[in-house]
Amino acid sequence: MKRRVLIVDDEPGLRKGLGNLLELRDFIVLEAGGGAEALGVLRREDIDLALLDVKLGGEDGLEVLRRLK
């Protein structure tokens, strides 16, 4: 069974690069550019792991983590 990973980062290139590496390891990768987008993904999808940037542009990544939990 493939694991589902949500990558939350405001830098698209970083999300894409990390996502490509994880897909090579047979993960299903979901991406979000910020907290609101990540919450939207979680409403639609089940995930096994979230990789979250601590500094999301104008957002505090730790606050986003609290909301995701």
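Bear in mind the structure is a predicted one, so any value in this text is a computation, not a measurement. Below, each value reflects all heavy atoms present in this structure, side chains not excepted, and no hydrogens, waters or symmetry copies. Count residues from 1 along the sequence.
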Using the rule that two of Ile, Leu, Val, Met, Phe, Trp, Tyr join whenever any of their side-chain heavy atoms come within less than 4.5 Å, decide whether [X] and [Y] are in one cluster.
{"X": "V5", "Y": "I28", "result": "no"}
{"X": "L65", "Y": "V54", "result": "no"}
{"X": "L52", "Y": "I47", "result": "yes"}
{"X": "L6", "Y": "L39", "result": "yes"}
{"X": "L21", "Y": "L14", "result": "no"}

Q. Can you list the steps and then say if E59 with R67 is a salt bridge (Lys or Arg N to Asp or Glu O under 4.0 Å)?
A. CA-CA 12 Å; E59 293 180 273; R67 293 189 333 234; 3.7 Å; yes

Let me confirm one number: the [atom1]-[atom2] distance from [X] to [Y], rounded to the nearest 0.5 Å.
{"X": "I7", "Y": "L51", "atom1": "CD1", "atom2": "CG", "result": "6.0 Å"}
{"X": "L30", "Y": "L49", "atom1": "CG", "atom2": "CG", "result": "11.0 Å"}
{"X": "K55", "Y": "D60", "atom1": "NZ", "atom2": "CG", "result": "10.0 Å"}

Any donor-acceptor pair under 3.5 Å from [X] side chain to [Y] backbone:
{"X": "D9", "Y": "D53", "result": "no"}
{"X": "R4", "Y": "F27", "result": "no"}
{"X": "E37", "Y": "G33", "result": "yes"}
{"X": "R44", "Y": "G40", "result": "yes"}

Q | Nearest atoms (heavy-atom pairs only) where G19 meets V29 | A |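 In this case the closest contact between G19 and V29 is O-CG2, 3.6 Å.
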
**Q.** Heavy-atom pair with the smallest gap, counting every atom of D10 and G57
**A.**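 Nearest pair, atom of D10 first, then G57: OD2-N, 2.9 Å.
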
Q | salt bridge (charged side-chain N to carboxylate O under 4.0 Å, His left out) partners of residues 19-31, not counting sequence neighbours, each pair once | A |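 Found K2-D26, R15-E31.
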
Q) Yes or no on side-chain contact (heavy atoms from CB on, under 4.5 Å) for L42 and L68, after CA distance, side-chain angles and deciding distance? A) CA-CA 8 Å; L42 283 177; L68 292 177; 3.1 Å; yes

